[in-house]
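Below is one structure; the comments refer to it alone.
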Amino acid sequence: MAGRDMIVAAREICKSYGTRAVLRGVSLSCLKGEIAGLIGPNGAGKTTLFRILLGLVSRDSGQLVVHSQSAKPLGGIIEKPALYNYLSAYDNLRVFSRIQGLDFGRKAYEGLMERVGLAPGRKDPVRNYSMGMKQRLGLAVALLNSPECVILDEPFSGLDPIGIRSLQDRIRTLAREQDMAILLSSHNLAELGGLCDTLSVINHGEIVRHGPASEVFGKAVGGYLLYGTGLQHSRLLKALGAEVGSTAAMLTLNGREISDVLRELSAEQGVNVTACIPQTNLYALFEKEIP
Ligand SMILES: Nc1ncnc2c1ncn2[C@@H]1O[C@H](COP(=O)(O)OP(=O)(O)OP(=O)(O)O)[C@@H](O)[C@H]1O
């Protein structure tokens with residue numbers, strides 16, 4: 001990995017609480033302009049790792065490496081953003097800056113609000129905000145001080161699908177247009193799959209898989225749900241043992257490529273597939289990969 005482009009790396013991090021080992025030799029890194037996802041079930045160790053990266057919790061052993069020219073290279077939100085609900089978004093940003101002994105001035109705060117998709121003119125208290133707006137304000141707080149890497153713990157929790165899409169777009173812009181390194185966690189593959197460049201899977205305090213998101217996502221696909229017309233007449237679906245209804249079919253590939261199956265289906269008379277939705281198997285994803 002080129003040191004020049006790497007912003008943050010955790011190497012072989014171990015952490016125990018009492019006799020419980022929570023992180024067992026975890027390594028994770030994020031490059032400039034990269035979106036790196038960390039996925040794992042409840043209690044896997046995601047928040048603990050992010051707290052260690054942000055210097056909020058000490059590690060027992062392992063190394064943290066940060067390459068940055070910035071005075072404050074890392075910014076982040078751990079769990080829900082802790083906001084002052086009785087203040088406006090603008091005043092929240094001012095208070096969070098002053099806590100750090102800084103004041104960036106009106107223009108900077110308004111610019112930051114626009115950058116995360118909040119209307120700078122809105123004066124009412126944050127308690128009136130939707131969950132999605134609060135998450136975006138939390139992101140703005142994390143961006144104070146212009147960090148080169150932003151760490152977001154469960155940023156999509158509590159958001160509806162439109163809120164998820166909107167926050168994903170903001171995160172993509174930060175990485176693609178502003179070259180920021182983004183590390184984010186979730187226990188929901190759908191939230192990370194289309195957004196991240198790389199995915200690391202953590203379970204019981206160990207990274208059990210790591211790689212390009214498309215590969216890791218591919219490991220978790222157990223089958224496909226097809227929608228369409230005439231599916232019940234398909235000889236191919238019957239031969240593949242799919243469960244076929246009048247408008248939908250559940251298909252397990254058994255070694256075939258989905259692209260080949262779709263091509264062959266499109267050649268069948270009277271069969272028209274209108275949607276193909278991968279069905280993920282999280283048990284397979286969270287299982288430790290045998291090298
Ligand atoms: N301060 C603490 N004291 C004792 N145990 C802790 C502490 N913080 C976390 N743990 C334990 O460490 C383990 C990992 O917790 P962590 O919050 O890092 O997991 P997570 O993957 O973020 O889970 P979730 O998705 O539920 O937020 C859990 O068993 C948790 O109970």
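Order of listing sets the numbers, starting from 1, for every ligand and every atom in it. Quantities reported herein were computed from a predicted structural model and do not represent experimental measurements.
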Write down the atom of R59, the atom of I52, and the distance for their closest heavy-atom approach.
CB-CG2, 4.0 Å
Would you check if L53 and I13 make a side-chain contact, meaning some heavy-atom pair closer than 4.5 Å?
no
So SG of C196 and CD1 of I35: to nearest 0.5 Å the spacing works out to 6.5 Å
Pocket residues around ligand 1 (non-hydrogen, under 4.0 Å) come out as Y17, R20, V22, P41, N42, G43, A44, G45, K46, T47, T48, E154, H187
With hydrophobic residues grouped by side-chain heavy-atom distances under 4.5 Å, do V95 and Y90 end up in a single group?
yes
Contacts table for residues 105-114: side-chain donor-acceptor under 3.5 angstrom, sequence neighbours left out:
from : atom 1 : to   : atom 2 : distance (Å)
R106 : NH1    : E110 : OE2    : 3.0
Y109 : OH     : S97  : OG     : 3.0
Y109 : OH     : D103 : OD1    : 2.6
Y109 : OH     : F104 : N      : 3.0

Any salt bridge between R176 and D169, counting N to O under 4.0 Å?
no
